[in-house]
Amino acid sequence: QAQLVESGGGLVQAGGSLSLSCAASRRTFSSFVMGWFRQAPGKEREFVAAIRLIGASTYYADSVKGRFSISRDNAKNTVDLQMNSLRPEDTAVYYCAADLKWNGSGWYNAYGHWGQGTQVTVSS
């Protein structure tokens, strides 16, 4: 059973920064690709960022490129998301995910392993 625990959400003004962290069990962290998704009220869950275990290549949604940065600490089994220049449209519940796969057009959560989510609210 995958175990993912997010932390670090909160309320911030537009233009501000927040850092999210995801703590994973060792077994879960061995996943080749981990990442973050988000879901705003009334909208579908969407991909935000992903990172590979080997080589640490990163991938971002167009809407967050240049503002968000994903990283992983293989010694601590954590995946972090640094969010800068936040906008009101970034407001959502952010979910950590493991076992991401590429389907040719986007990243998806292959086995449905999600954390409980952490709320990020950006005020204008």
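- Not counting sequence neighbours, the partners of Ala110 by the side chain to side chain contact (heavy atoms under 4.5 Å, CB included) test are Lys101, Tyr108.
- For the 3.5 Å distance criterion, the side chains of Asn84 and Ser17 qualify, holding a donor opposite an acceptor.
- Atoms CE and CD1, from Met34 and Ile51 in turn, are 10.0 Å apart once rounded to the nearest 0.5 Å.
- For Thr58, the side-chain hydrogen bond (donor to acceptor under 3.5 Å, both in side chains) test picks out no residue, with sequence neighbours left out.
- Between Val33 and Asp99, the closest side-chain pair of non-hydrogen atoms is not below 4.5 Å.
- Partners of Lys43 by side-chain hydrogen bond (donor to acceptor under 3.5 Å, both in side chains), not counting sequence neighbours: none found.
- Not counting sequence neighbours, the partners of Phe37 by the ring pair (Phe, Tyr, Trp, His ring centres under 6.0 Å) test are Phe47, Trp114.
- Here the OG atom belonging to Ser71 is positioned 8.5 Å from the CD atom belonging to Gln82, to the nearest 0.5 angstrom.
- Among pairs with a residue in residues 51-85, none fulfils disulfide bond (SG atoms under 2.5 Å apart), at least two apart in sequence or across chains.
- Phe68 is linked by a ring pair (Phe, Tyr, Trp, His ring centres under 6.0 Å) to nothing, counting only residues two or more places apart in sequence or in another chain.
- Side chain of Arg72 to main chain of Ala56: no donor-acceptor pair is present (N/O by atom type, distance under 3.5 Å, no hydrogens or angles).
- Nearest heavy atom pair, residue Asn109 against residue Ala98, reads OD1-O, 3.2 Å.
- Residues passing the side chain to side chain contact (heavy atoms under 4.5 Å, CB included) test with Ser63, sequence neighbours excluded: Arg38, Ala61.
- Checked by atom type and distance alone, the side chain of Arg67 pairs as donor or acceptor with a backbone atom of Ser85 at under 3.5 Å.
- Ring centroids of Trp107 and Tyr59 are separated by less than 6.0 Å, placing the two rings close together.
- Between the side chain of Gln116 and the main chain of Val5, no donor-acceptor pair closer than 3.5 Å is present.
- By the side chain to side chain contact (heavy atoms under 4.5 Å, CB included) test, Glu89 is found to be paired with Arg87, residues two or more places apart in sequence or in another chain being considered.
- Distance CD/Glu6 to OG1/Thr78: 13.0 Å, rounded to 0.5 Å.
- Using a 4.5 Å cut-off on side-chain heavy atoms (C-beta onward), Asp80 and Ile70 make no contact.
- Of all heavy-atom pairs spanning Asp90 and Tyr94, the tightest one is O-OH, 2.6 Å.
- Minimum heavy-atom separation, Asn74 to Asn77: O-OD1, 3.4 Å.
- Pairs passing the disulfide bond (SG atoms under 2.5 Å apart) check and including a residue from residues 39-124, sequence neighbours excluded, read Cys22-Cys96.
- In this structure, Arg52 forms no cation-pi arrangement with Phe32, as its terminal cationic atom is not both closer than 6.0 Å to the ring centre and no more than 45° off the ring axis.
- Of the inter-residue distances, the one linking Gln39 atom CD with Glu46 atom CD reads 9.5 Å to the nearest 0.5 angstrom.
- To the nearest 0.5 angstrom, Met83 atom CE is 3.5 Å from Leu20 atom CG.
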For residues 117-124, which side-chain N or O atoms pair as donor and acceptor with protein atoms under 3.5 Å away, sequence neighbours left out?
unit_1 : atom_1 : unit_2 : atom_2 : d
Thr118 : OG1    : Gly9   : N      : 3.2
Gln119 : NE2    : Ala92  : O      : 3.4
Gln119 : NE2    : Thr121 : OG1    : 3.3

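- For Ser105, the side-chain hydrogen bond (donor to acceptor under 3.5 Å, both in side chains) partners two or more places apart in sequence, or in a different chain, are Asn103.
- Scanning for side-chain hydrogen bond (donor to acceptor under 3.5 Å, both in side chains) contacts around Tyr60 gives an empty result, with sequence neighbours left out.
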